[in-house]
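Okay, structure first, notes after.
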Amino acid sequence: MKRIVVCGAGGFIGGHLVSRLKKDGHWVRGVDIKFNEFKKTDADEFLIADLRDPVKVDVTIDETIDEVYQLAADMGGSTYINTGEHDSDVMHNSCIINLNVLKTCSMKNVTKIFYSSSACVYPEYNQLDPDNPKCSEDTTYPAEPDSEYGWEKLFSERLYKAFERNHGLNVRIARFHNIYGPLGTFDGGREKAPAAICRKIIEAKIKKNKNIEIWGDGTQTRSFLYIDDCIQGTLDVFNSNSNEVFNVGSEEQVSINQMIEIIEDVANYKVNKNYQLDKPKGVRGRSSDNSFIQKQIGWKHTHTLKEGLIKTYNWISNQIESGTNISKFSKSSIEN
Ligand code: GKE
């Protein structure tokens, strides 16, 4: 059993990671600036703390901690990171958290640290053709991410590797490719496409309305990874002997229009797509290339997009129909 801190435990992926680490028999301290909006934490301890404050990080990662998973970031879907309006917050907040966490880990006896990077580090010039994006790890440089969010993620990757070289920290890094699933936010502006489009179709069906808004022309492509595969991939990277940076994503590339068709099928409800060409779109094409991670550590995703969307659609539908009051899941926290 290890004593583990999960930074960002109030978030979507962080919350699922806490539950899995608890299931695996570890002691887990969760920390975040907010509670998980949909589920009571499974952590042994949950701290409400702002990790931009080095004093809070020092209290959170104390001498008894063996391992740290750093997933705390100021982030969201296209709306949040591709408009440019949040660039300074995204870069400042996420970077200062990484600086604080690394400094504290290098001063304490933390044996291993995981950092969640992103597919957004990849250069835009390799993501211009929706049918043929190139996102293998060896195409990262010359760097030209399409967003400041991507630049911060790439800078922070280099920061972790510098602490690995200069302070002997045992670092593991995965680049997540658009993770979706139950407990992920589906409204409010930070949601990503799978949850957003599920919500739009659910709401259209409830209101017996046929029209939904789609950002861009729907031909842009992505691959989307179901949360359970993301958690397994994270642990496989963390527990591997390799300190390479790996993609953790799906290779099932779809256009947004194709994803809409899958969700219409799940909903048994057809909609008319009202394309909003002026809305934030990100890159034209992106899909995870898993050849390196499969060769090096053997990880593969197991859920098809349809399987994941069925679970996600049903969960969001239940949330909307039950009108879940977010605050009812806040567990008593240890304020510090
Ligand atoms: N969020 C959202 N909501 N996207 C929509 C919508 C909608 O209602 N309708 C169409 N889209 C389109 C977006 O314009 C974009 O082209 C595509 O779906 C995917 O948008 P996304 O899921 O919000 O985010 P991206 O894949 O562009 O980028 C995300 O990538 C992740 C890593 O793969 C980032 O926003 C980060 O959340 C993350 O790093």
Side-chain angles (χ1 to χ4, degrees), residues 8 11-13 71 73-87 90-91 94 115-122 124 127-128 130 133 135 145-154 156-157 174-181 184-204 211-227 229-230 233 247-263 271 273-290 301 305 308-309 312 316:
F12 164 44
I13 302 171
L71 288 83
D74 188 347
M75 67 86 73
S78 258
T79 331
Y80 192 73
I81 69 160
N82 287 123
T83 61
E85 292 155 11
H86 307 285
D87 287 350
V90 164
M91 298 181 93
S94 300
Y115 171 57
S116 60
S117 184
S118 161
C120 289
V121 304
Y122 288 110
E124 185 166 17
Q127 302 176 86
L128 301 173
C135 297
D146 75 303
S147 65
E148 299 304 352
Y149 168 84
W151 277 108
E152 186 280 324
K153 283 291 184 184
L154 189 59
S156 290
E157 281 188 15
R175 291 172 179 164
F176 291 159
H177 285 250
N178 211 312
I179 313 305
Y180 74 99
T185 189
F186 53 86
D187 206 347
R190 291 181 188 245
E191 69 277 5
K192 287 180 265 190
I197 295 168
C198 281
R199 183 199 79 240
K200 291 181 178 181
I201 292 180
I202 291 164
E203 289 173 341
N211 302 312
I212 67 166
E213 266 193 10
I214 294 300
W215 302 343
D217 61 8
T219 61
Q220 68 268 49
T221 59
R222 293 291 187 278
S223 69
F224 301 99
L225 186 70
Y226 186 65
I227 183 64
D229 287 325
C230 171
N247 282 326
V248 171
S250 166
E251 293 185 316
E252 186 183 352
Q253 180 184 309
V254 292
S255 71
I256 297 303
N257 285 332
Q258 287 168 325
M259 178 162 71
I260 293 168
E261 279 169 33
I262 296 173
I263 300 173
V271 291
K273 298 177 277 278
N274 176 4
Y275 296 110
Q276 307 287 312
L277 303 182
D278 60 336
K279 288 278 188 179
K281 296 179 277 295
V283 293
R284 284 293 296 153
R286 178 183 288 149
S287 181
S288 188
D289 178 324
N290 295 345
H301 60 88
L305 181 57
L309 284 172
T312 307
I316 294 173

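Counting starts at 1 for both ligands and their atoms, in listed order. As the structure is a computational prediction, the values presented were derived from the model and not from experiment. Index from 1, following the sequence.
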Review point. Strictly under 4.0 Å, does any heavy atom of Tyr149 approach an atom of ligand 1?
Key: yes
Exercise for review: Tell me, please: is Gly216 in heavy-atom contact with ligand 1, that is, under 4.0 Å?
Suggested key: no
Donor-acceptor pair, [X] side chain versus [Y] backbone, under 3.5 Å?
| X | Y | value |
| --- | --- | --- |
| Arg286 | Asn178 | no |
| Asn290 | Gly249 | yes |
| Asp146 | Gly282 | no |

Listed pairs under 3.5 Å, donor-acceptor, residues 195-203 side chains, sequence neighbours left out:
{"residue": "Arg199", "atom": "NH1", "partner": "Phe186", "partner atom": "O", "Å": "2.7"}
{"residue": "Arg199", "atom": "NH1", "partner": "Glu191", "partner atom": "OE2", "Å": "3.3"}
{"residue": "Lys200", "atom": "NZ", "partner": "Glu213", "partner atom": "O", "Å": "3.0"}

Suppose I only count heavy atoms of [X] and a 4.0 Å limit; which atoms of ligand 1 are within that range?
| X | value |
| --- | --- |
| Ile81 | 34 (C), 35 (O) |
| Ile256 | 17 (C), 18 (O) |
| Phe176 | 32 (C), 33 (O) |

Protein heavy-atom partner closest to [atom] - residue, atom, separation in Å:
| atom | answer |
| --- | --- |
| atom 9 (N) of ligand 1 | Trp215 N, 3.1 Å |
| atom 16 (O) of ligand 1 | Lys281 O, 2.6 Å |
| atom 23 (O) of ligand 1 | Ser78 N, 2.8 Å |
| atom 28 (O) of ligand 1 | Arg286 NH1, 3.7 Å |
| atom 39 (O) of ligand 1 | Ser118 OG, 2.7 Å |
| atom 36 (C) of ligand 1 | Gly76 O, 3.4 Å |
| atom 14 (O) of ligand 1 | Pro280 O, 2.8 Å |
| atom 33 (O) of ligand 1 | Asn178 N, 2.8 Å |

Practice item. Just do the side-chain contact (heavy atoms from CB on, under 4.5 Å) check on Asn274 and Ile212 with the steps written out, would you? Key: CA-CA 6 Å; Asn274 176 4; Ile212 67 166; over 6 Å; no
Check your understanding: Is a side-chain donor-acceptor pair under 3.5 Å present for Asp217 with Thr219?
Key -> yes
Check your understanding: Strictly by modelled atom types, are Ser117 and Glu157 linked by a side-chain donor-acceptor pair under 3.5 Å?
Key -> yes
Regarding ligand 1, does [X] bring an N or O atom to under 3.5 Å of one of the ligand's N or O atoms?
| X | result |
| --- | --- |
| Ala119 | no |
| Glu191 | yes |
| Phe224 | no |
| Ile197 | no |

Study note, to complete from the structure: Taken in chain and number order and not counting sequence neighbours, the residues that satisfy ring pair (Phe, Tyr, Trp, His ring centres under 6.0 Å) with Tyr80 are His86
**Study point:** Side-chain ion pair, Arg175 and Asp289, N-O less than 4.0 Å
**Key:** no
Review point. Is it true that Asp74 and Arg190 make a salt bridge, defined as a side-chain N closer than 4.0 Å to a carboxylate O?
Key: yes
Quick one: does ligand 1 sit under 4.0 Å from the side chain of [X], the backbone, both or neither, non-hydrogen atoms only?
| X | value |
| --- | --- |
| Ala193 | both |
| Arg222 | side chain |
| Lys200 | side chain |

**Study point:** Candidates Ser223, Ser250, Ser288 - the one meeting side-chain contact (heavy atoms from CB on, under 4.5 Å) with His301
**Key:** Ser250
Review point. Picking from Cys120, Cys135, Pro145, Ser287, what satisfies side-chain contact (heavy atoms from CB on, under 4.5 Å) with Gln127?
Key: Cys135
